[in-house]
Amino acid sequence: MTTGLAALLAESRLLPVLTVPSVASAGPLADALAAGGARCAEVTFRTPDAERVVQAMAAHGALTVGAGTVLTAEQAERAVAAGARFLVSPGFDDEVIAAARELGVPVAPGVATATELMRALKAGLDTVKLFPAQPLGGTDMLRALAAPFPQARFVPTGGIGPDQLPGYLAHPSVLAVGGSWIATPGHLERGAYDEIRRLTAEAVGRTAP
């Protein structure tokens, strides 16, 4: 179920996590991310325009676009209908997982404990989002969770900045790191697309072995 997502993330190593207030930003944002070297992006379902942003960025064609902060099966359906190629949720929810299976798209549920990780693995999901990674303990927490579950693959997200990026990527269980610093709502409000391109390029440069 997660093989396609795992392959995409392993190749990309970086997952920009985007909260986009207006669909007007979608095209220029996709341009900036792609110019900086990003290959995929997660658009969070936290704003009224999120569905249209997913649709516009997916139609743009420069990135593989997924939907994040997916909390319900109904949101999962709307996201996939808009063009989302994968789903990410902040926690483990049976209805979201079931909807993703029915829709035929990979999903990465959020985990914060060993119990949640065991539920994900039991459900056949080996790619999970460690969230919120930094408040949970950062790379120390990652190593502690990964040790008893060597089959798990992680996408740490939450509170991570560019300085922490190499430390996470150095762990063999990490496929990619989710980062919201690359393109914040503030960047988008200011139209700071050159800054987004620069931050993306710098982050992509830090993903090199």
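All residue numbers in this chain count up from 1 along the given sequence.
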Could you state the interatomic distance from [atom1] ([X]) to [atom2] ([Y]), rounded to the nearest 0.5 Å?
{"X": "Leu9", "Y": "Cys40", "atom1": "CG", "atom2": "SG", "result": "5.5 Å"}
{"X": "Leu145", "Y": "Asp140", "atom1": "CG", "atom2": "CG", "result": "11.5 Å"}
{"X": "Tyr193", "Y": "Ser25", "atom1": "OH", "atom2": "OG", "result": "3.5 Å"}

Report yes if the side chains of [X] and [Y] come closer than 4.5 Å at any heavy-atom pair, otherwise no.
{"X": "Glu11", "Y": "Thr64", "answer": "no"}
{"X": "Glu77", "Y": "Val80", "answer": "no"}
{"X": "Phe92", "Y": "Ile97", "answer": "yes"}
{"X": "Thr69", "Y": "Leu71", "answer": "yes"}
{"X": "Glu42", "Y": "Lys129", "answer": "yes"}

Taking [X] for its side chain and [Y] for its backbone only, find out whether a donor-acceptor pair lies under 3.5 Å.
{"X": "Thr113", "Y": "Glu116", "value": "yes"}
{"X": "His187", "Y": "Thr184", "value": "yes"}
{"X": "Arg197", "Y": "Leu33", "value": "no"}
{"X": "Arg13", "Y": "Val174", "value": "yes"}
{"X": "Ser12", "Y": "Leu14", "value": "no"}
{"X": "Thr44", "Y": "Leu18", "value": "yes"}

Would [X] and [Y] show up in the same hydrophobic cluster when neighbours are defined by side-chain heavy atoms closer than 4.5 Å?
{"X": "Leu188", "Y": "Trp181", "value": "yes"}
{"X": "Phe131", "Y": "Leu87", "value": "no"}
{"X": "Val111", "Y": "Ile160", "value": "yes"}
{"X": "Leu15", "Y": "Leu5", "value": "yes"}
{"X": "Leu63", "Y": "Phe45", "value": "yes"}

Between [X] and [Y], which heavy-atom pair has the shortest distance, and what is it?
{"X": "Pro21", "Y": "Thr47", "answer": "CA-CG2, 4.2 Å"}
{"X": "Leu142", "Y": "Ser173", "answer": "CD1-OG, 3.9 Å"}
{"X": "Ser89", "Y": "Pro109", "answer": "OG-CA, 3.3 Å"}
{"X": "Ala84", "Y": "Val54", "answer": "N-CG1, 3.7 Å"}
{"X": "His171", "Y": "Ala146", "answer": "CE1-CB, 3.6 Å"}
{"X": "Ala152", "Y": "Leu117", "answer": "CB-CD1, 4.0 Å"}

Check your understanding: Just by distance, with hydrogens left out, do Thr127 and Arg153 show a side-chain donor and acceptor under 3.5 Å apart?
Key -> no
Around atom [atom1] of [X], are there more than 12 heavy atoms of other residues, nucleotides or ligands at under 6.0 Å?
{"X": "Arg85", "atom1": "CZ", "value": "no"}
{"X": "Met141", "atom1": "CE", "value": "yes"}
{"X": "Glu202", "atom1": "CD", "value": "yes"}

Review point. Is the closest basic N to carboxylate O distance between Arg119 and Asp93 below 4.0 Å?
Key: no
Exercise for review: Apply side chain to side chain contact (heavy atoms under 4.5 Å, CB included) to the pair Tyr168 and Gln134, showing each step before the final yes or no.
Suggested key: CA-CA 10 Å; Tyr168 281 101; Gln134 280 295 104; 2.5 Å; yes
Point to revise | side chain to side chain contact (heavy atoms under 4.5 Å, CB included) between Thr115 and Met118, worked out | key: CA-CA 5 Å; Thr115 300; Met118 289 174 69; 5.6 Å; no
Exercise for review: For Arg52, check salt bridge (charged side-chain N to carboxylate O under 4.0 Å, His left out) against everything at least two apart and list the hits.
Suggested key: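 Testing Arg52 for salt bridge (charged side-chain N to carboxylate O under 4.0 Å, His left out), a comparison that skips the adjacent residues, returns Asp49.
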Point to revise | From CA spacing to verdict: side chain to side chain contact (heavy atoms under 4.5 Å, CB included), Phe154, Val177 | key: CA-CA 8 Å; Phe154 296 91; Val177 172; over 6 Å; no
Practice item. Give the C-alpha distance, both sets of side-chain angles, the deciding distance and a yes or no for side chain to side chain contact (heavy atoms under 4.5 Å, CB included) between Gln151 and Leu121. Key: CA-CA 9 Å; Gln151 71 273 47; Leu121 293 171; 3.8 Å; yes
